[in-house]
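Comments concern the structure below.
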Amino acid sequence: QVQLVESGGGLVQAGGSLRLSCAASGSIFSINGMGWYRQAPGKQRELVAAIARIGVTNYAESVKGRFTISRDKAKNTVYLQMNSLKPEDTAVYYCHSDYGYWGQGTQVTVSS
């Protein structure tokens, strides 16, 4: 079992920044890939960014150049630095890992 706990969401004005954190615990030795998804009201959950153990990253086109995913192996934590936020980034952000583990989600609201 793997437990994922997100933190760092909140309310920010357009153009602002937030950093999300996802702390992993449990049977994490087998985890390679981790990432962030988001789900806005009335929309499907979508991949925002992902990172492999070796550091290879992948981003949704809509966030490239604005968001950065990183991983601290010593702390078993993945971060999502979000800059130049837009109202359309408003969503619940979920941490995800290999084998289908999900965090509880953290709300990000960007006001115009």
Side-chain angles (χ1 to χ4, degrees):
Q1 289 287 334
V2 173
Q3 294 79 44
L4 304 173
V5 178
E6 302 107 332
S7 61
L11 173 64
V12 64
Q13 288 188 332
S17 299
L18 283 174
R19 189 177 80 154
L20 306 182
S21 300
C22 173
S25 61
S27 303
I28 59 175
F29 59 90
S30 61
I31 297 299
N32 176 27
M34 294 186 69
W36 290 93
Y37 285 70
R38 67 186 181 188
Q39 187 167 20
K43 294 188 177 182
Q44 289 189 330
R45 193 172 295 189
E46 63 175 359
L47 175 68
V48 176
I51 186 167
R53 183 182 294 274
I54 61 172
V56 176
T57 58
N58 181 40
Y59 295 93
E61 286 294 327
S62 60
V63 307
K64 281 184 179 178
R66 301 189 296 123
F67 290 12
T68 302
I69 189 170
S70 61
R71 187 169 183 169
D72 186 330
K73 296 177 186 176
K75 294 182 179 180
N76 299 317
T77 299
V78 173
Y79 303 96
L80 185 67
Q81 178 66 44
M82 305 185 293
N83 299 328
S84 302
L85 282 161
K86 304 175 180 179
E88 50 263 43
D89 294 318
T90 295
V92 178
Y93 284 70
Y94 296 91
C95 183
H96 175 266
S97 74
D98 288 347
Y99 308 110
Y101 293 103
W102 293 92
Q104 80 285 359
T106 185
Q107 177 70 47
V108 172
T109 303
V110 184
S111 63
S112 57

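Any value given below was found using the heavy atoms of this structure, including those in side chains, with hydrogens, waters and symmetry copies removed.
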Is there any salt bridge (Lys or Arg N to Asp or Glu O under 4.0 Å) pair reaching into residues 19-32, and which pairs are they, with sequence neighbours excluded?
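Sorted result for residues 19-32: empty, none.
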Residue pairs, two or more places apart or on separate chains, that pass salt bridge (Lys or Arg N to Asp or Glu O under 4.0 Å) and touch residues 47-62
Glu61-Lys64
I need the [X] [atom1] to [Y] [atom2] distance, nearest 0.5 Å.
| X | Y | atom1 | atom2 | result |
| --- | --- | --- | --- | --- |
| Met82 | Arg66 | CE | CZ | 9.5 Å |
| Arg38 | Arg45 | CZ | CZ | 13.0 Å |
| Phe67 | Thr57 | CZ | OG1 | 14.5 Å |

Taking salt bridge (charged side-chain N to carboxylate O under 4.0 Å, His left out) as the test, write out the residues that go with Arg71, two or more places apart.
none
Set of salt bridge (charged side-chain N to carboxylate O under 4.0 Å, His left out) partners for Glu88, sequence neighbours left out
none
Does Tyr99 share a hydrophobic cluster with Leu4, counting links as ILVMFWY side-chain heavy atoms below 4.5 Å and allowing steps through other members?
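Yes, because Tyr99 and Leu4 connect within a single hydrophobic cluster, where side-chain heavy atoms sit under 4.5 Å apart.
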Run through Asp89, Leu80, Ile69 and flag the one making a side chain to side chain contact (heavy atoms under 4.5 Å, CB included) with Val48.
Leu80
Please find the pair of heavy atoms, one from [X] and one from [Y], that lie closest to each other, and give the distance.
| X | Y | answer |
| --- | --- | --- |
| Trp36 | Cys22 | CZ2-CB, 3.5 Å |
| Ser112 | Pro87 | CB-CG, 3.8 Å |
| Ser17 | Gln81 | CB-NE2, 4.0 Å |
| Ile31 | Ser97 | CD1-OG, 3.8 Å |
| Ala24 | Met34 | CB-CE, 4.2 Å |

My understanding is that only residues two or more places apart in sequence, or in another chain, count here; which of them pass side chain to side chain contact (heavy atoms under 4.5 Å, CB included) with [X]?
| X | result |
| --- | --- |
| Ala40 | Lys43, Ala91 |
| Ser70 | Tyr79 |
| Ser25 | Gln3 |
| Thr90 | Gln107, Thr109, Val110 |

Could you identify which residues cluster with [X], counting Ile, Leu, Val, Met, Phe, Trp and Tyr as linked when any side-chain heavy atoms lie under 4.5 Å apart, either directly or through a chain of such contacts?
| X | answer |
| --- | --- |
| Val5 | none |
| Trp102 | Tyr37, Leu47, Val92, Tyr94 |
| Val56 | Ile54 |

Under the ring pair (Phe, Tyr, Trp, His ring centres under 6.0 Å) definition, can you give me all pairs with a residue in residues 6-27, not counting sequence neighbours?
none
